[in-house]
Amino acid sequence: MKIHEYQAKEILSRFSIPVPKGRVTDNAQEAGKIAEQIGGTRWVVKAQIHAGGRGKGGGVRTAETPQAVAETAGRILGMNLVTPQTGPRGTVVRKVLVEEALSVKQEFYVGAIVDRSRQSPVLIASSEGGMGIEELAAKCPDRIVREWVDVGLGFQAFQARNMVFQMGIGGNLVRGFSGVFSQLYRLFDTLDCTLVEINPLVVTEGDALLALDAKIDFDSNALYRHKDLKDLADTGEEDPLERQAAEFRLNYIRLDGDVGIMVNGAGLAMATMDLIKQAGAAPANFLDVGGGATTEMVTKGFEIILADRNVRGILINIFGGILRCDVFANGVVEAARRVKIRVPVVVRLDGTNVQEGRRILAESGLDFVVAHSMADATEKVRRMGA
Ligand code: ADP
Ligand code: MG
């Protein structure tokens, strides 16, 4: 589960990692007032969306008077922010964080994630901050330092010092950096995170150490242990179709293509996406209705696919095992009665009760294109595009 920068910064503060003075708002006038309260002569107005790369997309701007802060906030609030991480659709900005602008001497990268290949958490840092970790890994891999954590022992003080020295940090800052690393791991561990990233962590002209940006991702499977963290979720940031799908326990992920798919079983769904690619098209979604799908779930799945305006055709690929073909067919027919089907639908149905399923579809009076095999389905999807 992702949270916003301002929420992540509150959590960093709780773990004694310093952050700039600032406050969040959804109102431009209020943004000006916050600047006055913070004091100083320069402020940063930062779009609060769940994606990073906001600076590059125009979502992080400085202003030099409280009036200018209010105007800048007015421009950012409500804008559709497109960053390298939002995808081409972008995200509408509903809140901004107003912060004191600091005079930055140097930017660093620090983060903690789980290294699956080593089955342990790993702390990562670099003296080259500001850039994304992917870019860092591509441009200067030798400037990245890592320490893997033995979960039984926890992150050790010598490991923190190891990282600090490898980064070429000396003098008064050693203690500050070591402290940040130790607290970062304590936060990561205590709150069951899958990612904590401070990029950039900065040293100011006055040699203070602060987190200028923060990103935290919690392990959703561990949220039951942290009731208070659930309240930090911002459902407005989730794709509305994905949110609806989750309510009906459907495994739906929206993609950028134009052929909607409805499949049972994740493996078959992956194969179906390949099939669509082979046909020269691109999938509009991943949707695994699962083995235990009810008529109601199938109906909802169909409605969700059709609600995506990019969808120009639908491929239904069902192998009836636990989910019987007749149950599935009833769901599709029911959905078709409720929502107007404005695109061609190719159905490939096989397995348990397939005859009954095909009969239900045939007698529904609805216009389905029936495919008899995967190869046939590919061909029909190809023609659908023509
Ligand atoms: P993103 O990673 O989404 O682009 P950041 O919060 O990292 O957003 O902001 C982008 C850049 O803006 C930072 O790398 C930093 O150089 C600058 N910046 C952000 N917050 C402040 C601040 N409070 N004071 C000064 N500079 C800032
Ligand atoms: Mg950043």
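Side chains included, hydrogens not; waters and symmetry mates left out as well; all remaining heavy atoms used. Just follow the structure's listing: the first ligand is 1, and inside any ligand the first atom is 1. On a predicted model such as this, the values are computed, not experimentally measured, just so you know.
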Tell me which protein heavy atom sits closest to [atom], plus the residue, atom name and distance to 0.1 Å.
atom: atom 24 (N) of ligand 1; answer: L102 N, 3.0 Å
atom: atom 2 (O) of ligand 1; answer: D213 OD2, 3.0 Å
atom: atom 19 (C) of ligand 1; answer: K46 NZ, 3.5 Å
atom: atom 12 (O) of ligand 1; answer: V60 CG1, 3.8 Å
atom: atom 22 (C) of ligand 1; answer: V44 CG2, 3.3 Å
atom: atom 18 (N) of ligand 1; answer: L212 CD1, 3.8 Å
atom: atom 1 (P) of ligand 1; answer: R54 N, 3.5 Å
atom: atom 15 (C) of ligand 1; answer: E107 OE2, 3.4 Å

Using heavy-atom distances, let me know which of G52, A101, P200, G22 sits nearest atom 13 (C) of ligand 1.
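Going through G52, A101, P200, G22 one by one, P200 has the nearest heavy atom to atom 13 (C) of ligand 1.
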Does any N or O atom in G53 lie less than 3.5 angstrom from one in ligand 1, N or O only?
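Yes: some nitrogen or oxygen of G53 is under 3.5 Å from one in ligand 1.
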Quick check: does G55 get an N/O under 3.5 Å from an N/O on ligand 1?
yes
Residues V202, K105; criterion side chain to side chain contact (heavy atoms under 4.5 Å, CB included); working and verdict:
CA-CA 7 Å; V202 302; K105 195 156 77 183; over 6 Å; no
Examine ligand 1 and decide if any of its atoms is less than 4.0 Å from a heavy atom belonging to R42.
no
Answer with yes or no whether the hydrophobic clustering places I76 together with V60; edges join I, L, V, M, F, W, Y residues whose side-chain heavy atoms lie under 4.5 Å apart.
no
Mode of N199 contact toward ligand 1 - side chain, backbone, both, neither (heavy atoms, under 4.0 Å):
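Backbone only; the side chain of N199 stays clear of ligand 1.
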Ligand 1 versus E99, non-hydrogen atoms closer than 4.0 Å: side chain, backbone, both, neither?
side chain
Please examine the side chains of D376 and R348, heavy atoms only from C-beta on, and report whether any two atoms are closer than 4.5 Å.
no
Crowding at CD, E296 (>12 non-hydrogen neighbours, <6.0 Å)
no
Backbone or side chain, does D213 get an N/O/S atom under 2.8 Å to the Mg ion (ligand 2)?
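Coordinating: yes.
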